[in-house]
Amino acid sequence: MPLSHKTHPLITGTLLLTAAGLLSRVLGFFYRIFLSRTIGAEGLGIYQMIFPVYGIFFSLCAGSIQTAISRFTAADPDHAKRTLLSGFSLSFAMSLAAAFVIRHFSGPLAEHVLMEPRCAPLLSVMAFAIPCTSVHACICGYYYGKEKVSVPAAAQLFEQMIRIFTVFLLVSVCIEKRIPVTVSLAVFGLVAGEAGSALFVLIFFLLFHEFHENTGRSCRIGQSSIKNPLFRNSERISDLSGNLFSPMSALLALAAPLMANRLILNLLQSAETIMIPERLTVYGLTRSQAVSTYGTLTGMAMPFVLFPSALVNSLAVVLLPATARHQSAGNDSGIAAGISMSFRYSLYLGIFCIGVFTVFGDVLGLQIFKSQDAGSFIQILAWLCPFLYLATSSGSILNGLGKTKLTFFHHLVSLLIRIAFVWFGIPEFGIRACLWGMLASEMLLALLHILALRRIVPCDWNAWILIGKPVFCLLCALWLFRLFPETLPLPAGLPDFFRTAVQILLLSTMYLLFLLLFHRKQSPAAT
């Protein structure tokens, strides 16, 4: 049994991250409901508008360095601690400078960049989260590279719990003391969650990390390392002395292009975020209506669509170092197996989500958020799911293969299409043009990633297994589900949402049973 566990780190890591991700999303789901009813759709819109600034500075200070630490650690585990210390020193120094810039220029950033002066006090508070994300990201990058995902998984869950507890506590105090509840409370929760997760991973690393590194060269860096510049850099790190700045320069050499790519993409995403409320005013909405519509889309509908992606996101996180390791060993079959598995589960989940969200979307929007618009958005965004999940997993594999420039170009094209829909479409068709743009861009992004992988790694993909089987199983499950009475025999007094949740669980069970049935029927033929 221990051997079996060791031989499947990809599956084990994915399951751990998925379990933590699902529990975190369940908590976050109810947290979103609480926020929507506490600060309203307009408050959610204002809260969501600070995240472009957050995303830009995260990409500069932490995101790319985390990826570099993960890849170097996977390539050269014998010198992982030195890699982590180098990356952390660089990331934390940059994050302190970023926090100062955000606090000092919060007013101009809100008024002239976000076009929303009400975001100024939120940015001032949010600045304190940047150094915390640096600590969290660097240490988690180290553990991802080591394929010890239990620590990042626990930190993710801990962060969500601290955030929710903080906001609940602050809202309770405000209500008790008759203080107005404002959007700032949600930002205080964000900072508290990041600080809690940073403290958690730091304490865990200091208490349980094995501080004595092996002096020998990693057996994973062999002749095949020459295929990838990443591993040539890692080999140089192995030969370096204790000088902190040498591995730091190697890390920066890998992180800098990633940083530039992410910065450009975050700038474009920020432009899209800022444009949506502005173009909605051109469509004819007031500023308050535009921000409320934006809040309904990003704070209510999108979390529903992204909720099932915990599995795909977890798989994507684990795929990057695993793919890099297979490439360093020249193991094309291992890469092909990872691609096949990620595509299969991405499509199984994405196709099922189309069925769930198109059937139950309008009901969920009304029952949970008391919003007809949220339900309509959920039904339209349902068609996004398979392409979104495919793009996430395939993009992670491409990054693991060192094709970061290619993935950057694909994301750039995808974002430009979304921006074109926002700029030209919203004044004519309203917020629906934004939804159509999301769908078109994700379809193109998934297609570009898949075509790129086909050129790099030879892989046989069975269209029936990937698409035909889940579609057929979904149709069978929906047909069988229609035979059940609409009013299930549940205890009286249950909220309507719980009845809908039971119906979704019933449909999910039928879908899984049909998938298992076809899998069993195909197994003898395969053998």
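Please read all numbers here as calculations on a predicted model, not as lab measurements.
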**Prompt:** Considering all heavy atoms of both residues, which atom of Val113 and which atom of Ile274 are nearest to each other, and what is their separation?
**Reply:** O-CD1, 2.8 Å

**Item:** Heavy-atom closest pair, residues Leu268 and Ile419
**Value:** O-CD1, 3.6 Å

**Request:** Answer yes or no: does atom CZ of Arg432 have more than 12 heavy-atom neighbours from other residues, nucleotides or ligands under 6.0 Å?
**Result:** no

**Request:** Please step through side chain to side chain contact (heavy atoms under 4.5 Å, CB included) for the pair Leu439 and Ile380, ending with a clear verdict.
**Result:** CA-CA 9 Å; Leu439 180 58; Ile380 296 173; over 6 Å; no

**Message:** Looking only at the side chains, is there a donor atom on one of Ser346 and Ser393 sitting less than 3.5 Å from an acceptor on the other?
**Reply:** yes

**Asked** Is the side chain of Ser91 donor-acceptor paired with the backbone N or O of Gly87 at a distance under 3.5 Å, no angle test?
**Response** no

**side chain to side chain donor-acceptor pair (under 3.5 Å) partners of Thr407, counting only residues at least two apart** = Asn399

**For Glu194, all residues meeting side chain to side chain donor-acceptor pair (under 3.5 Å), sequence neighbours excluded** = Tyr54

**Item:** Partner of Ile417 by side-chain contact (heavy atoms from CB on, under 4.5 Å), out of Leu444, Val422, Leu445
**Value:** Leu444

**Request:** Report the residues that fulfil ring pair (Phe, Tyr, Trp, His ring centres under 6.0 Å) with Phe409, sequence neighbours left out, ordered by chain and then residue number.
**Result:** none

**Request:** Start with the C-alpha gap between Phe421 and Cys434, add the side-chain angles, then the distance that decides, and say whether side chain to side chain contact (heavy atoms under 4.5 Å, CB included) holds.
**Result:** CA-CA 6 Å; Phe421 271 86; Cys434 179; over 6 Å; no

**Asked** Would you say the side-chain atoms of Ser70 pair up with the backbone N or O of Gln66, donor to acceptor, closer than 3.5 Å?
**Response** no

**Message:** Can you give me the closest heavy-atom contact between Tyr389 and Val305, atom names plus distance?
**Reply:** OH-O, 3.0 Å

**Asked** Partners of Gln48 by side chain to side chain donor-acceptor pair (under 3.5 Å), sequence neighbours excluded?
**Response** Arg32

**side chain to side chain donor-acceptor pair (under 3.5 Å) against Glu272, all qualifying residues, sequence neighbours excluded** = Arg418

**Message:** Which residues pass the ring pair (Phe, Tyr, Trp, His ring centres under 6.0 Å) test with His136, not counting sequence neighbours?
**Reply:** none

**Message:** Using the side chain to side chain contact (heavy atoms under 4.5 Å, CB included) criterion, which residues pair with Leu265? Sequence neighbours excluded.
**Reply:** Phe408, His411, Leu412, Leu415

**Complete:** In Leu280, Asp373, Ile276, the residue satisfying side-chain contact (heavy atoms from CB on, under 4.5 Å) with Thr293 is Leu280

**Tyr47 side chain vs Leu35 backbone, donor-acceptor pair below 3.5 Å** = no

Let me check something: any side-chain donor-acceptor pairs from residues 350-357 under 3.5 Å, sequence neighbours excluded? List them with distances.
none

**Prompt:** Quick one: salt bridge (charged side-chain N to carboxylate O under 4.0 Å, His left out) partners of Arg163, sequence neighbours excluded?
**Reply:** Glu159

**Prompt:** Looking at Ala192 and Thr166, what are the two nearest heavy atoms and their distance?
**Reply:** CB-OG1, 3.4 Å

**Asked** Can you list the residues that meet the ring pair (Phe, Tyr, Trp, His ring centres under 6.0 Å) rule with Phe424, with sequence neighbours excluded?
**Response** none

**Complete:** Taking every heavy atom of Val201 against every heavy atom of Ala155, the minimum-distance pair comes out as CG1-CB, 3.4 Å

**Item:** Test ring pair (Phe, Tyr, Trp, His ring centres under 6.0 Å) applied to Phe58 - qualifying residues, sequence neighbours left out
**Value:** none

**Asked** Among pairs that include at least one residue of residues 435-452, which meet side-chain hydrogen bond (donor to acceptor under 3.5 Å, both in side chains), considering only residues two or more places apart or in two chains?
**Response** His410-His449

**Prompt:** Which pair of non-hydrogen atoms, one from Tyr348 and one from Tyr511, has the smallest distance, and what is that distance?
**Reply:** O-OH, 2.8 Å

**Asked** Taking Tyr142 as the fixed residue, which of Phe72, Phe204, Phe205, Phe88 is the one that meets the ring pair (Phe, Tyr, Trp, His ring centres under 6.0 Å) rule?
**Response** Phe205

**Asked** Does the Ser95 side chain pair with the main chain of Phe92, one donor and one acceptor, at a distance under 3.5 Å?
**Response** yes

**Request:** For the pair Thr296 and Ile431, evaluate side chain to side chain contact (heavy atoms under 4.5 Å, CB included) and give the outcome as yes or no after the intermediate values.
**Result:** CA-CA 11 Å; Thr296 302; Ile431 194 63; over 6 Å; no

